[in-house]
Number of protein chains: 4
Amino acid sequence: MAKSQTRAAHKTGKNAREIILNAARAEFAEKGFNGARVDSIAARSGLNKQLVYYYFGSKDDLYRVTLEEAYTEIRLREKDLDLRSLPPQDAIVRLIDFSLSYLARHREFIRMLADENALGGPHVKDSDAFQRTNSPLIEMIGATLREGEAQGVFRKGIDPLDLYISIAGMTFFYFANGVTMSAIFGRDLSTPEALSVYRDHIVALTLAGLRP
Amino acid sequence: MAKSQTRAAHKTGKNAREIILNAARAEFAEKGFNGARVDSIAARSGLNKQLVYYYFGSKDDLYRVTLEEAYTEIRLREKDLDLRSLPPQDAIVRLIDFSLSYLARHREFIRMLADENALGGPHVKDSDAFQRTNSPLIEMIGATLREGEAQGVFRKGIDPLDLYISIAGMTFFYFANGVTMSAIFGRDLSTPEALSVYRDHIVALTLAGLRP
Amino acid sequence: MAKSQTRAAHKTGKNAREIILNAARAEFAEKGFNGARVDSIAARSGLNKQLVYYYFGSKDDLYRVTLEEAYTEIRLREKDLDLRSLPPQDAIVRLIDFSLSYLARHREFIRMLADENALGGPHVKDSDAFQRTNSPLIEMIGATLREGEAQGVFRKGIDPLDLYISIAGMTFFYFANGVTMSAIFGRDLSTPEALSVYRDHIVALTLAGLRP
Amino acid sequence: MAKSQTRAAHKTGKNAREIILNAARAEFAEKGFNGARVDSIAARSGLNKQLVYYYFGSKDDLYRVTLEEAYTEIRLREKDLDLRSLPPQDAIVRLIDFSLSYLARHREFIRMLADENALGGPHVKDSDAFQRTNSPLIEMIGATLREGEAQGVFRKGIDPLDLYISIAGMTFFYFANGVTMSAIFGRDLSTPEALSVYRDHIVALTLAGLRP
DNA sequence: AATGAATGAGTATTCATTCAT
DNA sequence: GATGAATGAATACTCATTCAT
């Protein structure tokens, strides 16, 4: 498989850099930064270890780039959300659903984010890209809140970043800490049904929580 | 320092096992499971590496026990919460405040939990202790919700576990992912003021969110 | 089992020293000197590790004593052979059969002897006991050969030690190197049938080989 | 010395793999599998420890390959014996002399074989190479025996493998267990004279033993 | 751009042995 | 005699990184 992937890559003109990044994302997501092996990333990519160093310089740099790419991607998706075109309450629901579905589909993003934070953020701190990829989200949420206030459906004085953090917390935590919670509370949270029930719960809680 | 710690331990009758566990908690919290070094744990404890193996058998087992102890401790504190003695809304506020202050004081718990989950829960899965340390919290929250319903201050049909997860999510995420969020949104979330503002936000959101 | 063995030992008055020696023989035979573990010997004996040191001082000394005991035992059995009471040719057959059956029953003796020799005999060299436990065998074989010569059934000039070595070689090697030989030649040498055929071969070869 | 050996190796085009194998053979022969140290093998080779793992994967695998190479070499020499070109009795003498001189010159082969068998053959069992390196010897001995029968100089019905084992036993045992035998019987068996006398003994015993 | 070979510094774990009681 | 606790010195094995081509 590795071999054919390489060949395919050569044919399609896909460059080695991108192939390595994909392999790195998978490896880092699975094992964390410290658990990941450069050898393993090379093997996953079907290329050799030295190319990893040729393109990325070090394991730390590779991790940083992988993280940046993950953030870049989610920022792109957030732009598509277009919350402003929706009635305020629908906008909040869409935001919650987007967050849940994106995280459900991108476990590797959860893993990398949790890992990076658990380690104290050493790669984020070294990166300019994070500051530059200013999220449009806070502004969009701010506009939604103002519109909701104007329409009388939301309370006044809600801080958009705090709201974002609370929504992100409720969604991220569900996936990120599902393993220990399932173990402790004896309820399987990984089923679509459990997720659907939880989604309705946080939608209701948030919408009601924003009412004047 | 190491020597005097050992001597002090001997004087106070504290046993080696406990000393090692404390050192392990600090090391694992700081570096994560893979980043932690058994050598470093031994050095922190002021004892030698072989004793770690004498008492715990392996790095994995030591991690598991450390995690179990951390859970045991939080369960003890949760029992003291005594939510039933409070009016329903006050009980929810106390729950949120407890969660925030416990996590603020026990960053090592956050780190270990995030790390364990990021790695897929390998130690939790091997442990019977987790299943046995049934949390009294969900039941307490259930009673609070029922009382709130009876008094007409809470909506019907709220699932206590879902509520717990959403509160835990909002609080845990704030601390756990603070590093990347501060970096991306350019607001320092680690100040007491920022925390206080956020606390008021989630208290308001949750209380309003529970109203009928 | 370990516990009951200890208790049994105490009841029967069997002393700890002997129990440890039995455990050591089994462990050394199974794993060789370097592969054997003092911990494992203690566990097998049902006693604790420190007693091993109390009685034997070191792993090397324990090995030496175990080897000496093994030799002492085979010397005792050799004395019972009483070759002198048999006609010369019968005596040789009895010698071969004794060697085969003793080795078949005492694989641990084979293992320890092979191991000690493979390591260059470090324990034998430190032991006075080996020199003192002068084997009666060579003298018995010498008498048998002289009697055979006198009766005209054996050639002259056969050295009893050389004969002993050749017989010991043919018998010892069969058991000692059976594993590699079975693997290489694809014939299972561990069956009673294979042993019986081989026994007849070396009896015939030796008796014919001694004829004038 | 180590350095110059490496350089010399590079100059002569000898590759690292072969250098390591030579070092391994010496170390394993001297200390046995469990007594041998990977560090020591690396030091002997003048290369570093990690290369040992790069080329061989593990200590066990290195041992297996070393053992296979030792067998491969003796098989090559056995092919040169060309017993069929000799009169039957001379062929047997040549077989005995080959066995004695090969073992005398290759003590490391004796040590490794004894060690492997004493440990129960763990490496032989994992190896396909042993089964594949079918020895030509048994067939050659078989042909010699048939020719001897035809000429009336050998008895009928002698099994070639049994004969091989008895000869191998007499020769191997002399070298393999010489240390303990010298210690017990008080005769130095390591002198050329002692060997020469023993050689004549087993030649005479075997030839006479094969007569009709 | 690409790769087989090589290495410094570590990393969890083991083990014979001793201490203190 | 007997034992739980403690330790110095290894020991097999790993891993990010670099060299040479």
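Every chain is numbered from 1 and lettered A, B, ... according to where its sequence line falls, protein lines coming before strand lines. Excluded from the calculations below are hydrogen atoms, water molecules and symmetry mates; all remaining heavy atoms, backbone and side chain alike, are included.
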Problem set entry | Any strand: nucleotide that pairs with E:dA1 via Watson-Crick or wobble, under 3.5 Å |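 Across all strands, not a single nucleotide pairs with E:dA1.
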
Exercise. Which one is paired to F:dT3, where only Watson-Crick or G-U wobble pairs with both distances under 3.5 angstrom count?
Worked result: E:dA20

Exercise. Considering heavy-atom distances to DNA chain F, does D:Asp39 or A:Asp39 have its closest nucleotide positioned more toward the 5' end?
Worked result: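 The 5'-side residue here is D:Asp39.
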
Exercise. Nearest nucleotide by nearest heavy atom, which residue falls closer to the 5' end of DNA chain F, D:Arg37 or C:Leu51?
Worked result: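 Its nearest nucleotide being more 5', the pick is C:Leu51.
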
For this session: Examine the base of F:dG4 for any acceptor or donor lying under 3.5 Å from a partner atom in the side chain of C:Lys49, and report the outcome as yes or no.
Result: no

For this session: Compute the ring centroids of D:Tyr63 and D:Phe56, then answer whether they are less than 6.0 Å apart.
Result: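 No, they do not, as the ring centres are separated by 6.0 Å or more.
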
Exercise. Starting at the 5' end of DNA chain E, which residue's closest nucleotide do you reach first, C:Gly57 or B:Asn34?
Worked result: B:Asn34

Exercise. Starting at the 5' end of DNA chain E, which residue's closest nucleotide do you reach first, C:Lys59 or D:Gln50?
Worked result: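 First, find each residue's nearest nucleotide; the 5'-ward one identifies D:Gln50.
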
Rounded off to whole Å, could you give me the [atom1]-to-[atom2] distance for the [X] and [N] pair?
| X | N | atom1 | atom2 | result |
| --- | --- | --- | --- | --- |
| B:Glu27 | E:dT11 | CD | P | 11 Å |
| B:Ile41 | E:dT11 | CD1 | P | 13 Å |
| B:Phe56 | E:dA12 | CZ | C1' | 16 Å |
| A:Asn48 | F:dC19 | CG | P | 16 Å |
| C:Tyr53 | F:dT7 | OH | P | 17 Å |
| A:Asp60 | F:dC15 | CG | P | 16 Å |
| D:Ile20 | E:dA6 | CD1 | C1' | 10 Å |
| A:Leu62 | F:dA16 | CG | P | 11 Å |

Problem set entry | E:dA6 OP1/OP2 closer than 4.0 Å to side-chain N/O of D:Tyr54 | no

For this session: Would you indicate, yes or no, if E:dA6 has its OP1 or OP2 atom less than 4.0 angstrom from a side-chain nitrogen or oxygen of D:Tyr55?
Result: yes

Exercise. Is A:Arg37 paired with A:Glu27 through a side-chain N to carboxylate O contact shorter than 4.0 Å?
Worked result: no

Problem set entry | Note: C:Asp39-C:Lys49 ion pair, threshold 4.0 Å (strictly below) | yes

Exercise. Base, sugar-phosphate alone, or nothing: which one does A:Ala42 contact when heavy atoms must sit under 4.0 Å apart?
Worked result: nothing

Exercise. How many angstroms lie between atom CG of D:Asn48 and atom OH of D:Tyr53, to the nearest 0.5 angstrom?
Worked result: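 It is 12.0 Å, given to the nearest 0.5 Å.
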
Exercise. Regarding A:Thr180 and B:Glu116, is there a side-chain donor-to-acceptor distance under 3.5 Å anywhere?
Worked result: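 Absent: no donor and acceptor within the cut-off.
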
